[in-house]
Amino acid sequence: MTSGGDAAGMNPAIKAAVDHARQLGMNPYVVYDGLEGLIDGKIKEATRELTNDMIYRGGTLLRSSRSKRFFDYEFRKQAYEHLKERNIDKLIIMGGDGSFRALNDFFNDFEVPFAGIPATIDNDIAGTDYCLGVDTAQNVILDCIDSVRDTARSHHRAFVIETMGRDCGYLAMTTALCSAADICIVPEIPYDLESIYKRLQPVINEEGSCIIAVVAEGTRVAQYLTRWLTERAGMDTRLTVLGHVQRGGSPSAYDRMLSTVFGVHAAQLIAAENYGQAVAMVGNTVSHNPLSEVAGKTKFVPADAQAVRAARSMGISLGD
């Protein structure tokens, strides 16, 4: 099942988990509409035809939801009864921290074991370097920045690009680095606009130049920065909020590859009765962490991260 926000890579992971579970002698099912579908019994046997064309599709063909009802014990019990009717005794869930915690509550109530696959473009789940969907989202953002830069140069303008990511600045930081942006503002690093202005003066005064500022949505400063660049820097400045376009699109090769590896690993975990684990990528190794070590913890971009150091070395203003 998939839960929470959709992410490119969910469909390849579904296919991999289903196909490998079948190889391991299990009888796989799928749940439609996430936690809400679990409550309502939207459960079907996972046939080969169902997963045949999943690997190149974006989003989640199983659909997703966020469920307030699942916080109520009576609705969790209703979901459990639907599983019992079909003799389903294990679950794999793809989503973020909230999805993992929801199934952990479900396990505490009814002892239905599960494994989790981290899937969120925010890349903010603790214990893993990478979550499914991030690479595809980065490529979508970069395409947008590259296109905007053409217009910015044509009119000597500044553009503020707001990325998603909630309170984690990973998407903004990495795409600012890859696009050689002039400014990057993320929640993890304090910023000083006057220091930024002093560093940008050569760019502002250069004929035919432009300014690209990449801002994480969690900073909530995109509109203010747009006004500030117009008034302080004297440049015609436009704001582009990318929004949910970042979550869509056919998964990249990297997301397809890692999704497949994650899906296989999750199926192996539940086949080995190694329950309550969240699949993880640490370095170049796929592993897993006990949910107790990652639940309720948000991963942030550390101030000494490699991407931060590289951005500073390229002259990108990170709050200074």
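Numbers here simply count residues along the sequence, with the first being 1.
- Atom CD of E111 is surrounded by 12 or fewer heavy atoms from other residues, nucleotides or ligands within 6.0 Å.
- Counting only heavy atoms from C-beta outward, the side chains of L229 and V160 approach each other to under 4.5 Å.
- Contact of the I121 side chain with the M164 side chain is registered, since non-hydrogen atoms from C-beta on lie closer than 4.5 Å.
- For the pair M173/V308, a side-chain contact is recorded, criterion being any heavy-atom separation below 4.5 Å from C-beta on.
- In this structure, Y130 is not a member of the same hydrophobic cluster as V264, with clusters built from ILVMFWY side-chain heavy atoms closer than 4.5 Å.
- In terms of modelled atom types and a separation under 3.5 Å, the side chain of N205 and the main chain of Q201 share a donor-acceptor contact.
- V301 and I125 fall into different hydrophobic clusters, where Ile, Leu, Val, Met, Phe, Trp and Tyr residues are linked whenever their side-chain heavy atoms come under 4.5 Å apart, directly or through other members.
- The environment of CD in Q223 is sparse: at most 12 heavy-atom neighbours from other residues, nucleotides or ligands sit within 6.0 Å.
- The heavy-atom pair separating A181 from V214 by the smallest distance is CB-CG2, 3.8 Å.
- Note that CG of D19 and CG of L24 are 11.0 Å apart. Values are rounded to the nearest 0.5 Å.
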Practice prompt. Would you please test T136 and Y254 for side chain to side chain contact (heavy atoms under 4.5 Å, CB included) and show each step?
Written response: CA-CA 8 Å; T136 306; Y254 186 75; over 6 Å; no

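- Electrostatic pairing of R69 and D72 does not count as a salt bridge here, judged by no charged N lying under 4.0 Å from a carboxylate O.
- Ion pair R101/D97 flagged as a salt bridge, since at least one NZ, NE, NH1 or NH2 atom sits closer than 4.0 Å to an Asp/Glu carboxylate oxygen.
- Remark: R232 is positioned above the aromatic ring of Y197, its terminal NZ or CZ atom under 6.0 angstrom from the ring centre and at most 45 degrees off the axis.
- Nearest approach of V148 to I212, heavy atoms of both residues: CG1-CD1, 4.3 Å.
- No side-chain donor-acceptor contact under 3.5 Å links R22 to the backbone of P28.
- Counting non-hydrogen atoms of other residues, nucleotides and ligands closer than 6.0 Å to CZ of R57 gives a total of 12 or fewer.
- For D236, the side chain to side chain donor-acceptor pair (under 3.5 Å) partners at least two apart in sequence or on another chain are R157, R238.
- Hydrophobic clustering (side-chain heavy atoms under 4.5 Å, transitive across Ile, Leu, Val, Met, Phe, Trp, Tyr) groups L193 together with V203.
- Ion pair E36/R66 not flagged as a salt bridge, since none of the NZ, NE, NH1 or NH2 atoms sits closer than 4.0 Å to an Asp/Glu carboxylate oxygen.
- In this structure, M1 and L35 have side chains that are in contact, with non-hydrogen atoms separated by less than 4.5 Å.
- No salt bridge links D122 with R247; every basic N to acidic carboxylate O contact stays at or beyond 4.0 Å.
- Considering CG of N139 and OG of S250, their distance stands at 11.5 Å, rounded to 0.5 Å.
- No side-chain heavy atom of W228 sits under 4.5 Å from any side-chain heavy atom of T237.
- Here OH of Y191 is found 13.0 Å from SG of C184. Values are rounded to the nearest 0.5 Å.
- A distance of 9.0 Å separates CE in M54 from NZ in K15, rounded to the nearest 0.5 Å.
- Under the 4.5 Å side-chain heavy-atom criterion for Ile, Leu, Val, Met, Phe, Trp and Tyr, I92 and F106 are members of distinct hydrophobic clusters.
- Partners of Y80 under the ring pair (Phe, Tyr, Trp, His ring centres under 6.0 Å) rule, at least two apart in sequence or in another chain, are F110.
- Two residues are said to be in side-chain contact when any heavy atoms from C-beta on lie closer than 4.5 Å; I204 and I211 meet this criterion.
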Item to complete: Walk me through it: do Q138 and S252 pass the test side chain to side chain contact (heavy atoms under 4.5 Å, CB included)?
Response: CA-CA 10 Å; Q138 287 170 320; S252 66; over 6 Å; no

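- When atom types are taken as modelled, the side chain of H288 and the backbone of Q277 share no donor-acceptor pair closer than 3.5 angstrom.
- Residues T163 and A172 come closest through the heavy atom pair OG1-CB, 3.5 Å.
- In summary, the side chains of D6 and T60 do not present any donor paired with an acceptor at a separation below 3.5 Å, with no hydrogens or angles considered.
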Item to complete: Show your working on side chain to side chain contact (heavy atoms under 4.5 Å, CB included) between I141 and Q246 and close with a plain yes or no.
Response: CA-CA 7 Å; I141 295 167; Q246 297 161 87; 3.3 Å; yes

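- Smallest separation of non-hydrogen atoms from A16 and G263: CB-CA, 4.1 Å.
- Two rings, from Y275 and F107, have their centers 6.0 Å or more apart.
- A heavy-atom distance below 4.5 Å is found between the side chains of L38 and F70.
- Considering all non-hydrogen atoms of both residues, F114 and L291 come closest at CZ-CD2, 3.6 Å.
- Here T219 contributes atom OG1 and Y224 contributes atom OH; the two are 12.5 Å apart, rounded to the nearest 0.5 Å.
- To the nearest 0.5 angstrom, N274 atom CG is 11.0 Å from I270 atom CD1.
- Annotation for R166: atom CZ does not count as buried by contact number, only 12 or fewer foreign heavy atoms lying within 6.0 Å.
- Counting only heavy atoms from C-beta outward, the side chains of V215 and L225 approach each other to under 4.5 Å.
- In the hydrophobic cluster analysis, where Ile, Leu, Val, Met, Phe, Trp and Tyr join through side-chain heavy atoms closer than 4.5 angstrom, V245 is grouped together with V134.
- In terms of heavy-atom proximity, K297 sits nearest to E293 at NZ-O, 3.0 Å.
- Taking a cutoff of 4.0 Å between a charged side-chain nitrogen and a carboxylate oxygen, K299 and D124 do not qualify as a salt bridge.
- Hydrophobic cluster membership for Y56: I55 (Ile, Leu, Val, Met, Phe, Trp, Tyr linked by side-chain heavy atoms under 4.5 Å, directly or transitively).
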